There are 2 protein chains.
Amino acid sequence: MDLEHIELTDRIYSRVKKMIFDQELLPGQKLLQEKLSAQLGVSRTPLLKALHRLESEMLVESKPRRGLFVKQMSVEEIIDIFHVRAVIEGLSARLAAAHVQNEHITFLRQLFQPFRDQHPIDYTEYEKADRQFHNSIMLYSGNKIIARLEMLSNLHLQAFQAGLLRPPEETIDEHFNIIKALAAGDGQQAEQFMRNHIDKSREALQNA
Amino acid sequence: MDLEHIELTDRIYSRVKKMIFDQELLPGQKLLQEKLSAQLGVSRTPLLKALHRLESEMLVESKPRRGLFVKQMSVEEIIDIFHVRAVIEGLSARLAAAHVQNEHITFLRQLFQPFRDQHPIDYTEYEKADRQFHNSIMLYSGNKIIARLEMLSNLHLQAFQAGLLRPPEETIDEHFNIIKALAAGDGQQAEQFMRNHIDKSREALQNA
DNA sequence: AGCATGAATTTTGAATTCAAAATTCGCCGC
DNA sequence: GCGGCGAATTTTGAATTCAAAATTCATGCT
């Protein structure tokens, strides 16, 4: 019984995901299966499995009989995602408040500490911290279904790169307020703060 | 250019999904790829693609090197799902209130009309109406991401069959109240009613 | 030159084949 | 009779092959 074995598909999945996040594969680009699988040194079978998984995470899009493409998000879709994020992450914050640990709070604080007096703020670094912040709270919720939806908070990359989102200067305090509510174990307030935080970003997007 | 063509995988996907809902394939049961694909008259390739799609919808579970199984939900997981449903469907109701059509309202009302003075209520029929009600409102939200999460409201089947949920007599009025709020275009209230409705079912589940 | 037609090439979707891991089954000792 | 051991069988994960559809390319026509 070989429980250690890591599936080829899983490794390919991670590599392709990274390629998309690193912009080695660009939004809208067609994914030539033969070429990509050759590049990765595997057959089309595990590559396809990985790509279908990414499709379910909305990073890849399939056009039947046409091929698979790196998903290109429209502003409308990003707005839809933000609506969903607001309520899902609001719920996460509420649930997390009930059983968050001290180490968790410390970790969340430390994520944004470097930017408190950094001028100008390194947007790319801040964006990474932001992603970690949101992903962590979803994990701390302890809800397994939310864990599956984590990808929702990884999808606004394009909007961020296009400069469509609010600048760090505007959001950093909101993050600390959420952390405060979590630390106080106040689920209602944590939920409210998180929802407002994400809703404001959506509104910025809608007015852009 | 053959746009009409329906992929084999898609047909297999629908058939297997139906088999699961119809309990031809039982929760926890192992899915023997060779046998199932033979039954369906296809090779393992399109069957596997379909099963992986169902996996992303949480109807099927994969245990690496062990095989694919019809997913068996634990009560904890169902509770997690209800937490998520409450906020997602609450959001759906709020968004739907903004642009719901008269025909939609009529359709929703007509779903529950038969049960108003039916005694005793046919639980199986009511469950179908309930599913349609929730799915419809998610569609009326107009949010494409919510449409992708529709499956969440199709997953409590087991809980229902186990008699763990609230009886129709208790929920029918809640449904009509939601419809009223939608008809009035009151998004806030529609959201509140929907959240309460689903949260109450979750609480019933937690106390069972 | 620009466009339409159709042949050549590429690429996808599906079936088949193959190797490695897991499961089953029968044998043996106790 | 029961439990463990190992060979036979089954099943999975991955590669390869094959057919059908889509795309590209070349040719000839206006």
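Chain naming here is simple, since letters A, B, ... match the order of the sequence lines and numbering starts at 1 in each. The model shown is predicted, which means the values in this text are computed figures rather than measured ones.
Residue B:L32 places its side chain closer to D:dT12 than to any other of D:dA14, D:dT12, C:dA14. When the nucleotides D:dA14, C:dG13, C:dA22 are ranked by their closest atom to the side chain of A:Q33, C:dG13 comes out on top.
The main-chain N or O of B:I178 is never found under 3.5 Å from a side-chain atom of B:H197 such that the two would form a donor-acceptor pair. A donor-acceptor distance shorter than 3.5 angstrom exists from the side chain of B:K30 to the backbone of B:R66, with no hydrogens or angles considered.
If you take CG of A:L68 and C1' of C:dT12, they are 9 Å apart, rounded to a whole angstrom. Rounded to an integer number of Å, the gap from A:I12 CD1 to D:dG13 P is 16 Å. Separating the CZ atom of B:R65 from the C1' atom of D:dG13 is a distance of 5 Å, rounded to the nearest angstrom. Protein atom CZ of B:F69 is 13 Å distant from nucleotide atom P of C:dA22, rounded to whole Å. Rounded to a whole Å, the CG atom of B:L48 is 9 Å from the C1' atom of D:dG13. Computed from coordinates, the A:K30 NZ to C:dT10 P distance equals 13 Å when rounded to whole Å. Atom NE2 in A:H52 sits about 15 Å away from atom C1' in D:dG13, given to the nearest Å. In this entry the distance linking CZ of A:R11 with P of D:dG13 reads 14 Å, nearest Å.
Using a 4.0 Å heavy-atom cutoff across all strands shown, A:K63 reaches no nucleic acid atom at all. Residue contacts shown for B:L31 are limited to sugar-phosphate atoms, with no base heavy atom under 4.0 Å away. Residue B:L47 is classed as having no contact, given no heavy-atom separation below 4.0 Å to the nucleic acid.
Listed by chain and number, the residues in a ring-ring contact (aromatic ring centres under 6.0 Å, His included) with B:F115 are B:Y126 (sequence neighbours excluded).
Aromatic pair B:H134/B:H156: centroids not less than 6.0 angstrom apart.
A salt bridge does not link B:E89 to B:R202: none of the charged nitrogens lies less than 4.0 Å from a carboxylate oxygen. Here B:E174 pairs with B:K200 in a salt bridge; the nearest charged N to carboxylate O distance falls below 4.0 Å.
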Protein-nucleotides 15-19 of chain C N/O pairs closer than 3.5 Å?
{"residue": "C:dA15", "atom": "OP2", "partner": "B:S43", "partner atom": "N", "Å": "3.1"}
{"residue": "C:dA15", "atom": "OP2", "partner": "B:S43", "partner atom": "OG", "Å": "2.5"}
{"residue": "C:dA15", "atom": "O5'", "partner": "B:S43", "partner atom": "OG", "Å": "3.4"}
{"residue": "C:dA15", "atom": "N7", "partner": "B:T45", "partner atom": "OG1", "Å": "2.6"}

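The side-chain tip of A:R131 points at the ring of A:F21 from less than 6.0 angstrom away and within 45° of straight on.
The phosphate of C:dG13 (OP1 or OP2) has no side-chain N or O of B:T9 nearer than 4.0 angstrom.
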